[in-house]
Amino acid sequence: MTAVLTAAVACAPLARVSGCDLQVPLVQGGECTYANLDYAASAPALAAVTDCIADVLPYYASVHRGAGYASRVSTDCYEGARESVARFVGAADDQVVVFTRNTTDSLNLLASCVPGDTVVLDIEHHANLLPWNKNGRRVVTAAATIDETVRRVIAELCSRPAALLAITGASNVTGEVLPIARLAEIAHSCGARILVDAAQLAPHRRIDLASSGVDYLAFSGHKLYAPFGAGVPVGRRDWLDAAEPYLAGGGAVREVGLTSTEWAPAPQRHEAGSPNVIGAAALAAACEHLCTLDWDVVADHERDLSDRLRRGLERLNGIKILQIWDDTADAVGIVTFTVDGYDPSYVAAYLSAEHGIGVRDGRFCAHPLLARLGVPAAVRASVGLGTSSSDVERLVNAVTTLCETGATWHYEEIDGRWDPSPDTRSFPRPQFRSPRGDGSPACK
């Protein structure tokens with residue numbers, strides 16, 4: 001069973017990413033090239049993005065009010081990043097890009113702007129479930145099929161007025177994709193707007209807000225091959241302009257007095273304080289690079305890898321692959337599964353320690369969905385532009401070995417997490433050294 005996929009035609013990465021040659025130690029001795037199958041948590045940076053950041057860093061300075069040369073360049077870079085993001089998602093003329101920390105930050109910002117109830121599904125990531133509590137959240141239970149789920153959404157929207165339908169573009173647990181253009185049409189016909197949590201969708205599928213009719217979109221740079229912590233909500237200006245600023249402070253104002261404040265319109269209204277210029281530049285660089293790709297090729301690449309992984313796992317006894325709907329037509333590169341007799345944390349620890357494979361385990365910030373799928377936790381493997389068929393083969397072969405002969409190392413559960421015991425691997429830590437180079441403290 002350990003060579004079940006080797007006869008298939010190889011599938012190469014579509015792009016070079018940071019860490020693609022990373023060598024990691026194994027508990028049994030030796031080392032191997034790291035197989036990163038955790039793209040759904042944080043995708044590695046594209047080489048094109050790190051190259052861009054290297055070009056931008058020498059000009060890093062404060063933006064918007066600096067007359068210095070570096071400040072002027074940084075300001076142009078920051079505002080140009082906004083334009084790149086808008087182009088990437090096909091933003092309409094009345095839609096604005098606001099820079100935040102991540103998708104969670106973006107959704108909380110938008111929740112503070114919505115003038116009424118929000119309808120959500122019970123399958124959502126916590127980031128698109130919890131923020132709506134403050135202004136009237138109505139939860140629709142997903143059905144066994146997408147078609148029936150859509151009918152339930154229609155019934156809820158028609159039952160009484162709602163301001164917003166907030167829905168995931170692709171499940172962060174199963175990768176299944178919802179028909180967002182269809183849902184946008186439904187929401188509008190019922191007098192509501194639609195927001196799409198695109199944290200998992202944007203890195204994998206072409207999004208066009210203007211043609212799909214989506215009013216608001218949120219996603220994160222760290223899932224889009226862009227490090228340095230930036231995210232965005234993109235959406236219609238009127239709610240953003242009417243809401244109280246997300247943060248009160250410099251940069252969000254036109255005029256300040258001791259008794260009154262005139263706030264700036266969006267996006268500045270919600271970007272108080274010094275912005276994350278490098279994060280915005282990284283996100284823009286990722287957007288620009290992704291715009292050069294053929295999205296059909298991207299989808300085919302992911303489908304090939306996901307199919308290989310599913311076929312390999314389905315050959316094994318005791319494997320359950322999670323799925324929400326029976327009529328799913330499309331899914332991004334996520335395969336989540338359980339292994340009979342093994343805690344998911346044990347499986348993840350084994351894959352890392354003995355095979356150099358990185359996956360995610362747990363409940364994926366989607367507790368209600370895991371509960372309805374009938375599992376307390378699971379293992380999630382996710383692929384992206386830097387994934388090859390050899391990465392998938394290694395995972396299938398490692399799980400096959402676990403199912404047939406078990407792990408070769410001993411593992412202990414400590415505080416709910418499994419770890420190899422003893423753990424013979426070394427984990428490097430950053431060293432913050434004095435510029436004097438003598439090992440003395442940098443600060444006294």
Side-chain angles (χ1 to χ4, degrees), residues 1-24 32-50 170-177 200-206 223-226 286 289-316 319 321-323 328-337 347-348 351-352 355-360 379-403:
M1 289 293 290
T2 56
V4 292
L5 294 180
T6 54
V9 176
C11 181
L14 292 182
R16 184 171 177 81
V17 297
S18 61
C20 62
D21 299 321
L22 177 66
Q23 298 297 299
V24 296
C32 68
T33 303
Y34 185 56
N36 184 353
L37 293 172
D38 197 17
Y39 276 65
S42 283
L46 285 165
V49 172
T50 56
S171 169
N172 76 302
V173 176
T174 66
E176 292 167 273
V177 175
Q200 297 297 339
L201 185 65
H204 305 282
R205 296 292 183 271
R206 174 78 174 97
K223 297 185 190 296
L224 199 77
Y225 309 95
H289 183 81
L290 291 172
C291 280
T292 68
L293 301 180
D294 183 327
W295 286 96
D296 290 335
V297 172
V298 172
D300 288 343
H301 176 256
E302 289 184 3
R303 194 171 295 114
D304 185 332
L305 294 170
S306 298
D307 287 348
R308 290 169 186 255
L309 180 51
R310 286 177 176 274
R311 288 195 304 269
L313 293 176
E314 286 169 350
R315 291 188 177 100
L316 303 175
I319 300 293
I321 297 177
L322 303 188
Q323 186 167 324
T328 298
D330 186 22
V332 300
I334 294 173
V335 178
T336 300
F337 61 96
V347 177
L351 291 171
S352 174
H355 298 276
I357 300 169
V359 295
R360 184 68 36 156
V379 179
R380 182 181 70 189
S382 50
V383 304
L385 297 178
T387 310
S388 70
S389 53
S390 63
D391 298 323
V392 171
E393 289 169 13
R394 200 196 310 177
L395 176 61
V396 172
N397 293 337
V399 175
T400 300
T401 299
L402 180 65
C403 291

*Asks:* Could you name each residue pair satisfying salt bridge (Lys or Arg N to Asp or Glu O under 4.0 Å) that touches residues 9-20, not counting sequence neighbours?
*Replies:*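 Output for this query lists R16-D21.
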*Asks:* Less than 4.0 Å between a side-chain N and a carboxylate O, is that true for D307 and R310?
*Replies:*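 No, this pair does not count.
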*Asks:* Nearest heavy-atom pair of V24 and Y34: which atoms, and what distance?
*Replies:*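 In terms of heavy atoms, the two residues are closest at CG1-CB, 3.9 Å.
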*Asks:* Under 4.5 Å between any side-chain heavy atoms of D330 and R205, yes or no?
*Replies:*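 Yes, side chains in contact.
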*Asks:* Answer whether the closest heavy-atom distance between the side chains of Q323 and T328 falls below 4.5 Å.
*Replies:*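 The answer is yes, as the side chains (C-beta and beyond) meet within the 4.5 Å cut-off.
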*Asks:* Go through the structure and list residues passing side chain to side chain contact (heavy atoms under 4.5 Å, CB included) with V298, not counting sequence neighbours.
*Replies:*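 So V298 forms a side chain to side chain contact (heavy atoms under 4.5 Å, CB included) with L14, L293, W295, E302, L385.
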*Asks:* Report the C-alpha separation of H301 and C11 in whole Å, then their side-chain angles, then the decisive distance to 0.1 Å, and conclude whether the side-chain contact (heavy atoms from CB on, under 4.5 Å) test is met.
*Replies:* CA-CA 7 Å; H301 176 256; C11 181; 3.4 Å; yes
*Asks:* Would you say the side chain of D391 lies within less than 4.5 Å of the side chain of N36, judging by non-hydrogen atoms?
*Replies:*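 N36 vs D391: side chains apart.
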*Asks:* Before you tell me yes or no, could you show the steps for V335 and L37 under side-chain contact (heavy atoms from CB on, under 4.5 Å), namely the whole-Å CA-CA distance, both residues' side-chain angles and the distance that decides it to 0.1 Å?
*Replies:* CA-CA 10 Å; V335 178; L37 293 172; over 6 Å; no
*Asks:* Where is the tightest heavy-atom contact between L395 and A381, given as atom of each residue plus distance?
*Replies:*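 For L395 and A381, the tightest heavy-atom pair comes out as CD2-CB, 3.7 Å.
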*Asks:* Do Q23 and T33 have side chains that get closer than 4.5 Å, going by heavy atoms?
*Replies:*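 They are in side-chain contact.
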*Asks:* Any side-chain heavy-atom pair from T336 and R360 closer than 4.5 angstrom?
*Replies:*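 Not in contact.
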*Asks:* Has the side chain of D304 got a donor or acceptor atom that lies under 3.5 Å from a matching backbone atom of D300?
*Replies:*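 Absent.
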*Asks:* Is any side-chain heavy atom of H289 less than 4.5 Å from a side-chain heavy atom of V49?
*Replies:*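 No; the side chains remain at least 4.5 Å from each other.
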*Asks:* Is there a donor-acceptor pair closer than 3.5 Å between any side-chain N or O of T174 and the backbone N or O of S171?
*Replies:*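 Between the backbone of S171 and the side chain of T174 there is no qualifying donor-acceptor contact (under 3.5 Å).
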*Asks:* Shortest non-hydrogen contact from A170 to G175?
*Replies:*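 Looking at all heavy atoms of both residues, the closest pair is CB-O, 4.0 Å.
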*Asks:* So Y39 and V383, do their side chains get closer than 4.5 Å, heavy atoms only?
*Replies:*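 Of all side-chain heavy-atom pairs linking Y39 with V383, none is under 4.5 Å.
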*Asks:* Which heavy atom of I334 sits nearest a heavy atom of A40, and at what distance?
*Replies:*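 Minimum heavy-atom separation between I334 and A40: CD1-CB, 4.0 Å.
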*Asks:* Could I get the full list of ring pair (Phe, Tyr, Trp, His ring centres under 6.0 Å) partners for H355, not counting sequence neighbours?
*Replies:*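 With sequence neighbours excluded, H355 shows a ring pair (Phe, Tyr, Trp, His ring centres under 6.0 Å) to Y350, given in chain and number order.
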*Asks:* Does K223 reach the main-chain N or O of A41 with its side chain, forming a donor-acceptor pair under 3.5 Å?
*Replies:*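 Here the side-chain-to-backbone pair exists.
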*Asks:* Would you say that V177 contacts L201 through its side chain, given a criterion of any heavy-atom pair below 4.5 Å between the two side chains?
*Replies:*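 Yes, at least one pair of side-chain atoms sits under 4.5 Å.
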*Asks:* Mind listing the closest non-hydrogen atom pair of C32 and R394 along with its distance?
*Replies:*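 Shortest heavy-atom separation between C32 and R394 comes out as SG-NH1, 3.4 Å.
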*Asks:* For A10 and S389, which heavy atoms make the closest approach, and how far apart are they?
*Replies:*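 So the minimum-distance heavy-atom pair works out to CA-OG, 3.4 Å.
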*Asks:* What's the separation between atom CZ in F337 and atom CD1 in I321, rounded to the nearest 0.5 Å?
*Replies:*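 Interatomic distance, F337 CZ to I321 CD1, rounded to 0.5 Å: 8.0 Å.
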